[in-house]
Amino acid sequence: MKLLGSSRSPYVQKCRIALVEKGLAFDYEEVAPTHAEVIAGNPLAKIPTLIRADGRGLYDSSVIVDYVDGLGGASMLIPADFEARIEVRRWEALGDGIMDAVVAISHENRTPEAQRKGPDYIARHQSKIDAGVAAMEHDLGAKPFCFGSTITLADVACASALIYLDRAMPDLNWREKHPTLAQHFAKLQERPSIKALG
Ligand SMILES: N[C@@H](CCC(=O)N[C@@H](CS)C(=O)NCC(=O)O)C(=O)O
């Protein structure tokens with residue numbers, strides 16, 4: 001199977017982390033959403049797109065992680081138990097939501113001044129980021145992982161969001177307010193799956 005994406009996309013990074021955590025063999029190609037293979041595999045022309053071994057395309061990151069998890073490999077990233085699965089998925093939604101808000105602000109900042117949506121738009125998305133990171137700190141609590149006692153999609157989503165936040169907003173200084181989350185993130189960054197992102 002082959003993952004198509006760009007290291008600039010947090011949703012792509014999330015899939016890469018999940019694939020390495022599962023210990024599954026995959027090819028990775030750096031491409032833009034406009035690349036012909038992306039369009040052939042994903043009518044929405046977005047990255048990440050996964051080309052399965054049988055040639056079929058899969059999207060979006062949430063479905064790709066679910067698929068990859070079901071292929072086997074290392075321990076499950078998405079628990080089978082209903083309540084556990086919903087909690088891990090909620091963490092995923094939290095991580096994705098933070099990434100969406102950072103993407104929105106980055107896009108706004110790249111837009112020519114005359115066409116920008118304005119400071120209220122930025123403030124609205126910034127408050128999603130701030131509240132989202134605070135929720136991560138709260139929900140992590142004193143646990144060794146975001147959910148349960150081993151790595152799950154909850155940690156993959158948390159790490160993907162914080163990696164992107166650090167890259168796009170290096171001056172945010174979220175660690176000062178959220179030391180427990182900062183410590184957990186530092187531990188996650190030592191994992192080969194995250195080091196492999198480069
Ligand atoms: N919800 C999607 C988001 C994917 C997404 O928005 N990817 C962006 C790159 S970060 C993209 O391909 N944008 C191109 C476009 O929208 O035309 C996921 O989780 O995979």
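We use all heavy atoms of the structure for the numbers below, so side chains are in, but hydrogens, waters and symmetry mates are not. Start at 1 and go down the list; that is how both ligands and their atoms are numbered.
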How close does the nearest protein non-hydrogen atom get to [atom], and which residue and atom is it?
{"atom": "atom 17 (O) of ligand 1", "result": "Ala45 O, 3.8 Å"}
{"atom": "atom 18 (C) of ligand 1", "result": "Asp60 CB, 3.3 Å"}
{"atom": "atom 7 (N) of ligand 1", "result": "Ile47 O, 2.7 Å"}
{"atom": "atom 10 (S) of ligand 1", "result": "Ser9 OG, 3.3 Å"}
{"atom": "atom 16 (O) of ligand 1", "result": "Lys46 CE, 3.5 Å"}

When you compare ligand 1 with Ser61, is there at least one nitrogen or oxygen pair between them that comes in under 3.5 angstrom? yes
Take a 6.0 Å sphere around [atom1] of [X] and say whether it holds more than 12 heavy atoms from other residues, nucleotides or ligands.
{"X": "Lys177", "atom1": "NZ", "result": "no"}
{"X": "Arg167", "atom1": "CZ", "result": "yes"}
{"X": "Gln183", "atom1": "CD", "result": "no"}

Under a 3.5 Å threshold, yes or no: a donor from one side chain and an acceptor from the other, between Trp91 and Asp155? no
If the cut-off is 4.0 Å to any non-hydrogen atom of Pro48, which atoms of ligand 1 fall inside it? 20 (O)
May I ask you to list the atoms of ligand 1 that are less than 4.0 angstrom from any heavy atom of Pro33? 12 (O), 14 (C)
Electrostatic pair Asp100-Lys128, nearest N-O below 4.0 angstrom: no
Under a 3.5 Å distance rule, please check whether Asp69 uses its side chain to pair with a backbone N or O of Met76 as donor and acceptor. no
